[in-house]
Structure formats: C-alpha cells, structure tokens
Amino acid sequence: MTCKLGVNCNPLLDLVMKKIIEVLSEISPLGKKDFDDLSRIFTTSTLEKGDYWIQEGKKNNNVAFLENGYLRKYYAKDGNEITDFFYFENDFCADLPSIISNSEPLSSIVAMQPTTLTTFSYFDFNELCKSSLALEHLHRVIVEYTFIRFYNRTVSFILQTPKERYEQLIQTNPRVLQEATQYHIASYLGISPQHLSRLRGQQSIS
C-alpha cells in the first residue's frame, strides 16, 4: 500500500515529507506532478549526535533538508576545527562545490544533536528539472540562495569588524548563540573565545 506522497504508509514519515513539500512550495509554486516526482526521490534518515552528514574526503552527492536538529560545518586545519556554518530546521544543506566539480568535500558537516533529514540526490533533482519549469526555478533559487549566503559570509570577513560580525549574528541567527558552544561561535566569527566573552559582556552592558 502506498501513501499520498508516494512513500510507505508511515504517518510520521508522511508528515515529514509534507513539511518539506510545504517549504518548497513557499519558494516556488509546485503542481501535483512536481510533488509526486519529488516524493519519489526523497529519503528520510536520522543522525545521532556526533554522526557525520558529510565527511571530508568522502563524496556525498545528496542534498539534505533539516526537519529538526542541528548540524555544524567545519574545516580541519592543523588539528583544529574551524567552524564555517550552522544549520537548523527548515534549512537545506549540501556541499555543492564538490558535487558540481565532482571532487571530494574539503569540509565536514556533523550532527550536534539528534537530527532528522529528508535527503535527495542532486543529480536526480537535476533530471526532474529538465521536464518541469517550476522545479527548474526552485533549483535556481536554492543555488542562488546558497551562493548569496556564503558570499555574504566571505564579505563580512573583509568589510566587518569582529564586533560587527557578532552583532549581525545576533540579528540574523540568534539561535546559534543558544545552541552552539562558545568555542564554536568564536571559531565561526574568526576570534578567540576570550574575545567573544568580551563582546558578550559589552553587548549585555549596552
């Protein structure tokens, strides 16, 4: 027996699929055929704390949509982890540069708490886009959003002070301050934990 979204009849799994469909529909209006085609390439998986979604040096051609939980992206250098991004629910996560260039990822993405993902192959999604203008538009918007997000992060290290980066983080993604450790936040901002403590102290006084 098959459920409405084309997956096995598991009420929880069906609910998970509906959530991503709703989010995708907000990005680009989709028809029933688009829903049905997408549901056939979706897979739901779970990660325990410490499990890798993407691991440096190991190819992963999938895109993940976070149903719940929290992932952290980092680069390993000289025995240290340099945090590059945080992902929370309703966010998309993939290593597009390695997928597009058919190379191995240079970074890792790890679950910082139990996390549920809906995943799909980037290449399967590309095939669906060939026969659907709505899905092609959705694909373009997701790629553009990903590019702008990391472009803004790069520019912030050129044009902003650490204090300005910290204040922007408070405004745009305050959940990071609630969920992440001080060490990971400081690494993300490109400062020491001691510098972060001073910035937090200044913020609380103001």
Side-chain angles (χ1 to χ4, degrees), residues 3-8 10-30 34-35 38-55 60-75 81 83-96 99 105 107-122 124-125 135 137-153 156 165-166 168-185 187-189:
C3 292
K4 184 177 180 181
L5 289 179
V7 296
N8 291 333
N10 180 323
L12 179 59
L13 185 58
D14 199 26
L15 184 62
V16 165
M17 294 299 188
K18 287 180 180 178
K19 184 177 180 182
I20 185 174
I21 290 293
E22 290 172 0
V23 172
L24 293 177
S25 296
E26 291 177 1
I27 299 174
S28 177
L30 302 174
D34 296 322
F35 295 157
L38 285 172
S39 68
R40 282 191 283 272
I41 67 172
F42 286 164
T43 301
T44 297
S45 60
T46 58
L47 300 176
E48 297 301 322
K49 181 178 179 180
D51 288 348
Y52 284 95
W53 157 238
I54 293 176
Q55 194 164 6
N60 185 332
N61 294 324
N62 291 327
V63 178
F65 172 81
L66 272 71
E67 300 292 341
N68 55 61
Y70 155 34
L71 301 178
R72 179 176 66 94
K73 177 183 177 183
Y74 71 89
Y75 292 87
E81 294 181 359
T83 298
D84 187 52
F85 210 77
F86 304 94
Y87 302 89
F88 297 100
E89 59 259 26
N90 295 345
D91 205 352
F92 288 92
C93 175
D95 195 285
L96 289 181
I99 294 174
S107 63
S108 297
I109 301 178
V110 63
M112 302 304 293
Q113 59 185 226
T115 301
T116 302
L117 306 173
T118 295
T119 66
F120 54 93
S121 163
Y122 177 86
D124 287 347
F125 183 47
L135 291 179
H137 177 257
L138 174 64
H139 177 275
R140 186 172 70 250
V141 171
I142 292 175
V143 171
E144 289 173 350
Y145 173 74
T146 301
F147 169 77
I148 291 297
R149 182 162 64 181
F150 289 103
Y151 169 80
N152 288 340
R153 173 155 170 75
S156 73
R165 289 198 295 275
Y166 176 67
Q168 184 179 50
L169 180 62
I170 293 174
Q171 295 174 359
T172 60
N173 202 350
R175 185 167 175 187
V176 171
L177 303 175
Q178 301 168 3
E179 301 283 355
T181 66
Q182 180 155 304
Y183 175 82
H184 292 152
I185 296 171
S187 175
Y188 174 76
L189 294 173

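Counting from 1, the numbers follow the sequence of the chain as shown.
In this structure the side chain of Ile27 reaches within 4.5 angstrom of the side chain of Phe92, judged on heavy atoms. Between Val63 and Thr119, the closest side-chain pair of non-hydrogen atoms is not below 4.5 Å. The shortest side-chain heavy-atom distance between Ile109 and Tyr87 falls under the 4.5 Å cut-off. Residues Phe85 and Cys93 have side chains not in contact (no heavy-atom distance under 4.5 Å, counting atoms from C-beta outward). Residues Thr181 and Met112 form no side-chain contact, since every pair of their non-hydrogen atoms from C-beta on lies 4.5 Å or further apart. Counting heavy atoms from C-beta outward, Phe147 and Leu96 have side chains that stay 4.5 Å or more apart. The closest side-chain heavy-atom distance from Leu71 to Leu47 is below 4.5 Å. Considering only heavy atoms from C-beta on, Ser107 comes within 4.5 Å of Asp95 through its side chain.
Asp91 contributes atom CG, which lies 4.5 Å from atom CZ of Arg149 (distance to the nearest 0.5 angstrom). One finds the CZ atom of Phe120 at 15.5 Å from the CZ atom of Arg40 (value rounded to the nearest 0.5 Å). Annotation: the span from Tyr122 atom OH to Asn62 atom CG amounts to 12.5 Å, rounded to 0.5 Å. A distance of 8.0 Å separates OG of Ser121 from CD1 of Ile99, quoted to the nearest 0.5 Å. Taking OG1 from Thr46 and CG from Leu117, the interatomic distance works out to 8.5 Å, rounded to the nearest 0.5 Å.
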Checklist entry - Does the pair Leu30 and Leu38 meet the rule for a side-chain contact (heavy atoms from CB on, under 4.5 Å), with working shown? => result CA-CA 10 Å; Leu30 302 174; Leu38 285 172; 3.9 Å; yes
Item to check | Pair Asp84-Arg153, side-chain contact (heavy atoms from CB on, under 4.5 Å): steps then yes or no | outcome: CA-CA 9 Å; Asp84 187 52; Arg153 173 155 170 75; 3.0 Å; yes
Next on the checklist: Under the criterion side-chain contact (heavy atoms from CB on, under 4.5 Å), I'd like the reasoning laid out for Glu81 against Val110: C-alpha separation, chi angles, the key distance, then a yes or no.
Outcome noted: CA-CA 12 Å; Glu81 294 181 359; Val110 63; over 6 Å; no
Next on the checklist: What verdict does the side-chain contact (heavy atoms from CB on, under 4.5 Å) test give for Val176 and His184, after you've listed the backbone C-alpha separation in whole Å, the side-chain angles of each residue and the deciding distance to 0.1 Å?
Outcome noted: CA-CA 10 Å; Val176 171; His184 292 152; over 6 Å; no
Under 3.5 Å, which donor-acceptor pairs do the side chains of residues 48-55 form with other protein atoms, sequence neighbours left out?
residue: Asp51; atom: OD2; partner: Glu48; partner atom: N; Å: 2.8
residue: Tyr52; atom: OH; partner: Tyr74; partner atom: OH; Å: 2.9

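A ring-centre distance under 6.0 Å is not found for Phe65 and Phe42.
The side chain to side chain contact (heavy atoms under 4.5 Å, CB included) search around Leu177 returns Tyr166, Leu169, Ile170, Ile185, Arg200, not counting sequence neighbours.
Taking every heavy atom of both residues into account, Glu67 and Ile20 meet most closely at OE2-CB, 4.1 Å. Residues Pro174 and Thr172 approach most closely at CD-C, 3.7 Å, considering heavy atoms.
A donor-acceptor distance shorter than 3.5 angstrom exists from the side chain of Ser187 to the backbone of Thr83, with no hydrogens or angles considered. The main-chain N or O of Ile142 is found under 3.5 Å from a side-chain atom of Thr146 such that the two form a donor-acceptor pair.
Using cut-offs of 30° and 60° for the angle between ring planes, the Tyr70 and Phe86 rings count as tilted.
Ion pairing of Glu179 with Arg72 is absent here, as no side-chain N (NZ or NE/NH1/NH2) approaches a carboxylate O to less than 4.0 Å.
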